[in-house]
Amino acid sequence: MSAILPPNALLDVPRTPAGLLSNAEKDRLIERAFLGLYRWYTARSQETRNWNADLSFDWKSLRHDLPKEIMTTLTGFFAVEQYAPDYTSELVNMVRRSHGRSHFQLRWGSEEEKHADSWENAVLFSRQRSPKWLAEYKERLRSQQWHLPFPDAIHNLVYTVFQERATQLNYLNLMKLATGKSDKVQNAVDPVLAKVAQTIAVDEAAHYNFFLECTRLYLYYYPQRTLEAVRNVIGQFSMPASHLVPDWDEFATTVYKAGIYGPRDFNRDVMQVAFRNLGIESRKKLEEGIKAGREVPNFEGDGMVPTIIWDSFDYGSVEGDVKRLHVKIQDYEKGVGFDAVDPFEFVENPEAPPHQASAGTASDE
Ligand SMILES: [Fe+2]
Ligand SMILES: [Fe+2]
């Protein structure tokens, strides 16, 4: 965390009371976990999701008579994903001092770039938009630049958790239409489109999991700040680039009517899912916990002690998930041989009060 502060702010960090981890130590632990997670992620991505936007799909077989609603949806998906270079450069720049996160963002950007190219292919091969129309649309989109929605790394990290889950949900719901599992749009079945939507949705799930793991690490070592970031992010959540895409309102109305994405989907299938994975019971509980839990000066006046913030989320389950992440990374690193040269260990946060062993929240891969 201190790595994202300007150097002079580091001097103002209060001395750490005996027995607790200093912020520098917490940052070192988080950074080491990010690095291990990024290496694990890359190996898995190359092994299981190494697809190509041109060659992995039978574009020549895409239908030429897809309904209007599907065309509006595909065009909107393309518009959002084609800002991949902006997303990547802004995020890389923000986390450039973190090896794990900055290298991950490059890998992530290379995956998002494939999504943009795939949706562009879908629009083009539908034969309902000419290459000239697409070129002009792209030029119009690229005349505007996307910027980070929040000024600091922790808020942007939390934002990506919700954004990746929302994106995954959009694609899964399009897949339902394309496979005939939803009839909210008539005549929408197309096997090529279904495969594209499913392939990209799997990537988005992997992105969600990566950012979720990172957020849990912050939540475990910096609960107050992380819960505040969650509260702030959900208070003003919107899909990325929604303010840059010229025909956004038509797109939003279309995906809502088509059962692909709307406010109810966000509440039920994005916010509640992410909350469950972060050990947060509800938005109301989160608000109450933040209000009640403040860091206060300790008795000696030379440090801060956290108050009841630990009661406002299921930190036992978060700790269980953080430990499981460590085991996953340890297994990976053992396979490579890193354990002999740079062993990776879980270090408990001594601020957390003793608790009952917990089964943990939902796990991922
Ligand atoms: Fe994407
Ligand atoms: Fe993504």
Side-chain angles (χ1 to χ4, degrees), residues 34 37-38 40-42 44-46 48-54 56-57 73-92 94-95 100-123 138 141-142 146 148-150 155-175 178 193-215 233 237-242 244-245 248 251 255 260-261 265-266 269-271 273-274 277 364-365:
F34 282 172
L37 179 60
Y38 150 68
W40 172 89
Y41 177 97
T42 301
R44 193 165 174 97
S45 165
Q46 288 175 319
T48 62
R49 295 186 290 107
N50 200 20
W51 56 274
N52 181 278
D54 294 335
S56 297
F57 309 108
T73 302
L74 295 179
T75 310
F77 287 170
F78 161 67
V80 173
E81 295 274 15
Q82 65 77 49
Y83 284 104
D86 283 349
Y87 303 144
T88 309
S89 59
E90 292 259 326
L91 285 162
V92 166
M94 165 145 285
V95 296
R101 277 199 70 193
S102 62
H103 282 210
F104 170 77
Q105 288 301 160
L106 295 176
R107 168 77 39 190
W108 173 88
S110 75
E111 295 181 358
E112 297 296 358
E113 155 269 306
K114 292 198 290 184
H115 304 171
D117 289 349
S118 300
W119 292 128
E120 179 169 355
N121 278 351
V123 173
K138 211 158 35 176
L141 292 168
R142 297 236 173 186
W146 181 87
L148 289 169
F150 294 95
H155 277 80
N156 285 301
L157 171 66
V158 170
Y159 174 77
T160 49
V161 172
F162 290 92
Q163 174 267 315
E164 294 289 356
R165 173 71 193 171
T167 312
Q168 180 199 4
L169 186 66
N170 271 272
Y171 299 162
L172 287 176
N173 285 334
L174 173 66
M175 190 179 77
L193 194 54
K195 191 180 171 193
V196 176
Q198 188 193 16
T199 304
I200 304 181
V202 172
D203 274 7
E204 306 298 12
H207 297 170
Y208 170 74
N209 281 322
F210 181 92
F211 292 119
L212 177 69
E213 298 281 26
C214 294
T215 302
V233 164
F237 184 84
S238 63
M239 288 302 275
S242 56
L244 301 179
V245 176
W248 185 267
F251 169 69
V255 290
I260 292 173
Y261 185 74
D265 303 289
F266 176 77
D269 293 329
V270 177
M271 195 171 72
V273 170
N277 292 159
D364 48 66
E365 309 183 82

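Ligands are counted one by one from 1 in listed order, and the atoms in each one are counted from 1 as well. Residue numbers count from 1 along this sequence.
The N, O or S atom of E204 with the smallest distance to the Fe ion (ligand 1) is OE2. Note on E112: its N/O/S atom closest to the Fe ion (ligand 2) is OE2. Take the N/O/S atoms of H207: the one nearest the Fe ion (ligand 2) is ND1. Of all N/O/S atoms in E164, OE1 sits nearest the Fe ion (ligand 2).
W119 and F77 have their aromatic ring centers within a separation under 6.0 angstrom. For F34 and Y41, the ring centers sit 6.0 Å or farther from each other.
Because the distance cut-off is set at 2.8 Å, E111 fails to qualify as a neighbour of the Fe ion (ligand 2), as none of its N, O or S atoms comes that close.
In this structure, the side chain of R165 engages the main chain of D269 through a donor-acceptor pair within 3.5 Å.
Using a 30° and 60° split on the angle between ring planes, F266 and F162 fall in the tilted class, from 30° to 60°.
Geometry at the Fe ion (ligand 1): OE2/E81 and ND1/H115 form an angle of 100°, nearest 10 degrees.
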Trace of the side chain to side chain contact (heavy atoms under 4.5 Å, CB included) decision for L244 with L141:
CA-CA 7 Å; L244 301 179; L141 292 168; 6.0 Å; no

